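Structure, as structure tokens:
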Amino acid sequence: MESEFRQDPVTGRQVIIAPARDDRPHDFAGDLPRVNETFDPFLEGHEETTGPEVFAIRDQDSSPNTKGWRVRVVNNKYPAITPSDDIKSVAGLFARSTGFGVHEVIVECPHFETNLSRLSANHIGDVLLAYQQRLETHQQNPKLKHASLFKNKGALGGASLDHAHSQLIVTSEVTENVRLELDGARAYFEQHQRSVFGDIIHAELGSAERIVQDSENFVLLCPFASRFAYEMVIIPKQQICQFEQTEKDKLPELGEILKSALQKLETVLHDPPYNYIVHTAPFHSCDLPDFRWHIELFPRTTLIGGFEWSSGCIINSVSPEAAAQQLRDN
Ligand SMILES: [Zn+2]
């Protein structure tokens with residue numbers, strides 16, 4: 001069965017039904033992550049096992065799909081959605097449509113490494129450059145509207161392979177969470193004529209109690225209403241709504257602050273599973289004055305319980321102020 005978007009008849013919330021994903025290989029036994037002892041498809045020299053690369057940052061004298069790369073992007077072998085030309089949709093009580101889109105994997109380094117944080121800031125900058133390049137490519141496809149960039153680290157973070165990698169899912173619709181943020185940012189702007197992200201940075205730098213790190217162009221902080229213990233967000237100081245519009249010469253600095261955030265998290269929580277997500281405006285959003293791209297980062301150290309599923313309201317047992325202090329000190 002091909003994957004499909006289905007809409008809940010009561011809430012309108014969308015899900016993707018993707019039975020093919022169940023065939024994925026698993027590096028993890030039960031809930032416990034283990035080091036990959038078997039075949040690593042992402043290793044340099046194993047290029048033929050992943051399918052052809054769609055992008056790579058590689059040595060000038062090397063050829064595609066051979067050794068000599070630093071960051072390599074391939075199509076996901078077990079995609080949640082696919083770029084089928086035959087898009088069907090059915091309206092009504094059980095509204096559904098073809099799972100149309102692109103699902104790619106960004107392999108972050110050619111050698112076996114589980115932790116992005118152990119790569120140099122410049123190398124992490126190259127990973128971020130690969131993100132930008134993919135966004136620039138996909139926005140040329142008129143059928144695609146929005147990209148979700150994310151990293152799953154560890155079994156409890158949702159990863160099925162432990163070689164450092166991140167993923168990109170590009171869809172023809174804006175995802176629900178980004179839609180909420182876009183709407184909230186617009187409403188704030190209409191009321192105050194200022195970007196809520198700019199106001200957050202200004203207020204947080206003023207009080208400093210939730211700031212973890214501050215650099216020339218980016219701020220790392222624990223959000224006021226953090227859902228998860230030790231949740232962090234990186235916000236650019238410049239008003240830029242799309243991640244791909246960030247100047248390329250700032251990516252090593254962003255790589256440095258992302259590396260620092262991950263190192264702090266790994267020190268304080270002893271190498272926890274985590275996710276980070278890049279929230280960016282939909283393609284062709286022309287210089288929105290209200291929404292700003294950002295990277296949300298959260299460890300997966302607590303399970304979502306019944307009340308959270310029931311209410312949508314997450315109980316966080318570590319205050320962001322205490323978390324920020326601990327992260328700053330490490
Ligand atoms: Zn966000």
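Each ligand, and each atom within it, is numbered from 1 in the order the structure gives. Just so we're clear, the structure is a prediction, and the values are computed from it rather than from any experiment.
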**OP:** Output the distance between atom CZ (Phe218) and atom CD1 (Ile234), rounded to the nearest 0.5 Å.
**Re:** 8.5 Å
**OP:** Please determine which of Lys237, His294, His202 meets the side-chain contact (heavy atoms from CB on, under 4.5 Å) test together with Phe197.
**Re:** His294
**OP:** May I ask you to decide if the ring planes of Phe39 and His46 are parallel, tilted or perpendicular, using 30° and 60° as cut-offs?
**Re:** parallel
Subject >> NZ/NE/NH1/NH2 to OD/OE distance under 4.0 Å, Arg72 and Glu47 >> reply: no
Original post:
Is it true that Phe291 and His279 have ring centroids separated by less than 6.0 Å?
Top reply: no
Original post:
Are Asp271 and Lys153 ion-paired here, with the side-chain N under 4.0 Å from a carboxylate O?
Top reply: yes
Subject >> Protein N/O/S count near the Zn ion (ligand 1) (criterion: distance under 2.8 Å) >> reply: 5
